[in-house]
Amino acid sequence: MSYIERVWEKVSQRNAGEVEFLQAVREVFDSLEPVMERNPQYEAAGILERIVEPERQIIFRVPWVDDQGKAQVNRGFRFEFNSALGPYKGGLRFHPSVNQSVLKFLGFEQVFKNSLTTLMMGGGKGGSDFDPKGKSDNEVMHFCQSFMTELQRHIGHHTDVPAGDIGVGARELGYMFGQYKRIRNEFTGVLTGKGITWGGSLIRPEATGYGTVYFAEEMLKTRDEKLEGKVCTISGSGNVAQFAAEKLNQLGAKVVSLSDSGGTIYDPAGIDAEKLAWVMELKNRRRGRIKEYTEKFGGEYLEGERPWSIKCDCAFPCATQNELNGEEAQTLLDNGCYVVSEGANMPSDPDAVNIFIDSKILYAPGKAANAGGVSTSYLEMRQNSSRNNWTRERVDKKLNEIMVNIHAATRAAAAEYGEPDNYVMGANIAGFTKVANAMLDQGIV
Ligand code: NDP
Ligand code: 2IT
């Protein structure tokens, strides 16, 4: 049995039942077989055994009082996965589906994503099974304060720097930052995605969506093509989806769908800048459901459905994990889609990933295509350390350069192992190699 398969057997036994985590590990392992053959030093130093085990796992009670005066309890987590390349870095997710498996898959992916950015960041992820949906601002504030009351003892601007993810945006980050500052009596860049007047970076809110589109642009360049005139489907209608749509509009593409957990809206006329501004108001202020879009602008509401049956050239999954299965991947291909750039983390399930790879379309996995968010978080940390503020243009230019570099590094790693068009293999190998070599240098810790 190969080194990889021996480690896989142990990982799957030790983490039995953690479906999402094991899915993420298997995908990375599937890319690494030729790397292990060429580099026996990794086995000798137990790199794989160590890289699948978080350095530290923190699980805690989050008690809070709701608007009726009733005590509520949620579970809080932070997985500090790997610090070989820098302080732990990665978002916080608040969603009822959050559990150990989901956050471990996200933390594991984050290690390779952050390595791919070439910036100095380790990987981590955290969150809670708290559901901000339907809660008052007051309840969200009390929850965030309680969550941070515990989390603050584990994080710091040189140690572990959380940010947003599903269910954690400007409002939640503000409440958490306020509580951190109150307890620790320090104003530091301990969180990223901060408000612009209190340490945030311009373009951080836009960065993940913009970056995902920049990555698609780079992939299209390999075929001498542009995004202009392309019909694009997007899933989700949160932070990543909104700014992917904005950038696609700016580049002359036509966005025809958005979705949320209730269903999909299909607007064949295109979701232009004006309609998108309305969606942002709906989602970020009124916190309403996407189906209201069709009442306002027409088009179709596909209740309970995802956007993948809609004919398009390019698809941007920007909602959540496993939101695109094998059957849907095949439907996309049958309808002529040939670019898939993942804004979400692990949105394509393993069947879909295999179908995309075998079909040789331009398919970019999340850990490469959505790395613009965490990269711009790093630019925010840089601005905080130097007490400087960069202009929009400067941050956006840097973000674009980083995405161009990630694209090039991904292709180069894939080419080195004989599959230049396989972005999954390229991202996994390039991400892994840098972390593994740093771990070798730093000894068995
Ligand atoms: P938001 O909370 O802003 O938006 C999430 C969107 O996805 C909402 O439209 C939501 O619909 C939908 N969604 C969430 N969970 C589900 C589900 N289980 N089924 C169907 N739809 C769902 O989150 P973000 O936009 O920040 O994150 C979206 C994805 O991008 C996630 O995978 C995240 O990990 C990834 N990502 C985010 C980054 C960031 O900087 N924010 C960086 C890199 C990746 P509803 O409101 O109905 O729940
Ligand atoms: O999945 C991700 O990369 C994020 N949610 C962003 C992490 C960050 O630290 O900005």
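Counting convention: from 1, in listed order, for ligands and their atoms alike.
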Participant: Verify whether one side chain among T118 and K434 offers a donor that lies under 3.5 Å from an acceptor in the other.
Facilitator: no

Participant: Only one of F356, F316, F215 clears ring-ring contact (aromatic ring centres under 6.0 Å, His included) with Y363; which?
Facilitator: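 Exactly one option meets the ring-ring contact (aromatic ring centres under 6.0 Å, His included) with Y363, and it is F356.
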
Participant: Regarding K283 and N239, is there a side-chain donor-to-acceptor distance under 3.5 Å anywhere?
Facilitator: no

Participant: Do Y301 and E295 have side-chain N/O donor and acceptor atoms under 3.5 Å apart?
Facilitator: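 No, no side-chain donor-acceptor pair sits under 3.5 Å.
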
Participant: Taking S235 as the fixed residue, which of P307, S257, P347 is the one that meets the side-chain contact (heavy atoms from CB on, under 4.5 Å) rule?
Facilitator: P307

Participant: Can a side-chain donor-acceptor contact be found between N74 and S128 if the only test is distance below 3.5 angstrom?
Facilitator: no

Participant: Taking only heavy atoms of the protein into account, state which residues are under 4.0 angstrom from an atom of ligand 1, in chain and number order.
Facilitator: R93, H95, K113, K133, D165, I166, G167, R204, T208, G236, S237, G238, N239, V240, S259, D260, S261, R289, C318, A319, T320, G343, A344, N345, N370

Participant: Any chance the side chains of E305 and T264 put a donor and an acceptor closer than 3.5 Å?
Facilitator: no

Participant: What residues come within 4.0 Å of ligand 2, counting heavy atoms only?
Facilitator: K89, G90, G91, Q110, K113, K125, A163, G164, D165, R204, N345, G373, V374, S377

Participant: Among residues at least two apart in sequence or on other chains, which ones pass ring-ring contact (aromatic ring centres under 6.0 Å, His included) with F147?
Facilitator: F60, F94, F143

Participant: Can you list every pair that meets ring pair (Phe, Tyr, Trp, His ring centres under 6.0 Å) and has a residue in residues 382-405, with sequence neighbours left out?
Facilitator: none

